[in-house]
Amino acid sequence: MVAEVISGRDLSMKLKAEMKQEIDTLKERGIIPHLTVVLVGDDPASRSYVSGKKKASNEIGMSSEIIELPESVSEVELLKVINRLNQDSTVHGILVQLPLPVQINVQHIIESIDPKKDVDGFHPINIGKMMTGEDTFLPCTPYGIMTMLHSKNISIEGKHAVVIGRSNIVGKPVGQLLLNENATVTYCHSKTKDLKAFTKLADILVVAIGKPNVITKDYLKEGAVVIDVGINRLSDGTLTGDVDFKSASEVASYITPVPRGVGPMTITMLLHNTIKAAKGLVK
Ligand code: NDP
């Protein structure tokens, strides 16, 4: 079997074209979706993610701004900025780029964002709504993964989905979204004994470990759908996923590449959430 590649880049381009049209319509009604991204400090990776988000917003005609704060900013100062953005009716989506410096309690910041503007979907209220299946902002990477599965009409109901990784931003929520669509879900993590015994049973395998090329074809059931979330930079500068793409492609039915897989979908779903916020769809 040679796996069909699910291109996040192609799907993103299609979705962004649709969103651009939707924004044009919203503008005719006087609504300009606006995303504000708060960047604390000067971490190069964070700066690159933030400028990617601004660029993508501009491409579809969305208004966006980056508020830059120094590495030394206090939690109180950052909370003041968020409070101002919460009150500003022209700001529809607020995203605070993580990680934050050590003097700032990340959870305090996440919980200070108005849940109706929480386009990252990290606020406990929105996580709770996701768990109970209410309409809300879904966290962008898991939402992007589900959108990729839907784009290929991959059936989820009754399937055994195995998620490797249990972070709050990827592993846990993607497992929940798969469960919401009636998959039987198994979570694996660094303390899992005999990882292969679980992955071999997966109809759908989501890999979010953060270590290069851990999953080879030996870990897969014939015909599995493989979603590679990992982004790892090798010493020669190239990017690779957590899955050995070449080897896994021999066994999987569908596979996502790295780069141009889940990565572009994450930003696309952020744009989608911001439009949803501008339309006032999350109460
Ligand atoms: P975390 O480091 O928060 O979580 C990694 C998870 O992998 C943990 O649950 C850890 O287990 C588990 N793990 C680590 N080593 C192993 C192992 N050998 N076997 C099984 N499980 C293991 O990472 P994130 O969830 O934030 O990100 C994961 C990857 O996805 C990273 O490469 C990141 O860059 C990428 N990413 C990509 C995004 C995209 O848009 N494409 C968005 C977000 C992340 P334990 O809990 O026991 O420590």
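Indexing begins at 1, ligand by ligand and atom by atom, following the structure's order. The residues of the chain are indexed from 1 along the displayed sequence.
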* Check against side chain to side chain donor-acceptor pair (under 3.5 Å), S112 and N83 -> CA-CA 7 Å; S112 73; N83 190 40; over 6 Å; no

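Atom 37 (C) of ligand 1 has its nearest heavy-atom neighbour, among I169, V229, V174, in V229. Heavy-atom proximity to atom 48 (O) of ligand 1, evaluated over S190, P259, G144, G261, is greatest for S190.
Interface of G263 with ligand 1, defined as ligand atoms under 4.0 Å from a residue heavy atom, comprises 40 (O), 41 (N). Close approach of ligand 1 to A208 (heavy-atom distance below 4.0 Å) involves ligand atoms 5 (C), 6 (C), 7 (O), 28 (C). Of all the atoms in ligand 1, the ones that sit under 4.0 Å from a non-hydrogen atom of G210 are 29 (C), 31 (C), 32 (O). Near V262, with a cut-off below 4.0 Å to any heavy atom, the atoms of ligand 1 are 41 (N). Residue-ligand proximity, G165 to ligand 1, at heavy-atom distances under 4.0 Å covers atoms 6 (C), 7 (O), 9 (O). Taking every non-hydrogen atom of V170 and a distance limit under 4.0 Å, the qualifying atoms of ligand 1 come out as 25 (O), 43 (C), 44 (C).
Within the 4.0 Å heavy-atom criterion, the part of I164 lying near ligand 1 is the side chain and not the backbone. Under 4.0 angstrom from ligand 1, the non-hydrogen atoms of I209 come from both its backbone and its side chain. Counting heavy atoms closer than 4.0 Å to ligand 1, residue M265 contributes nothing at all.
When only interatomic distances are considered, the shortest N/O to N/O separation between T266 and ligand 1 falls below 3.5 Å. Taking any N or O of I231, backbone or side chain, at least one lies under 3.5 Å from an N or O belonging to ligand 1.
Within the model, atoms CG of L95 and SG of C140 stand 7.5 Å from one another, a figure rounded to the nearest 0.5 Å.
Side-chain atoms of D242 come within 3.5 Å of backbone atoms of G210 as a donor-acceptor pair (strictly under, hydrogens ignored). Using modelled atom types, no side-chain atom of E28 and backbone atom of I23 make a donor-acceptor pair closer than 3.5 Å.
For Q21, the CD atom counts as loosely surrounded, since its 6.0 Å shell holds 12 or fewer non-hydrogen atoms of other residues, nucleotides or ligands.
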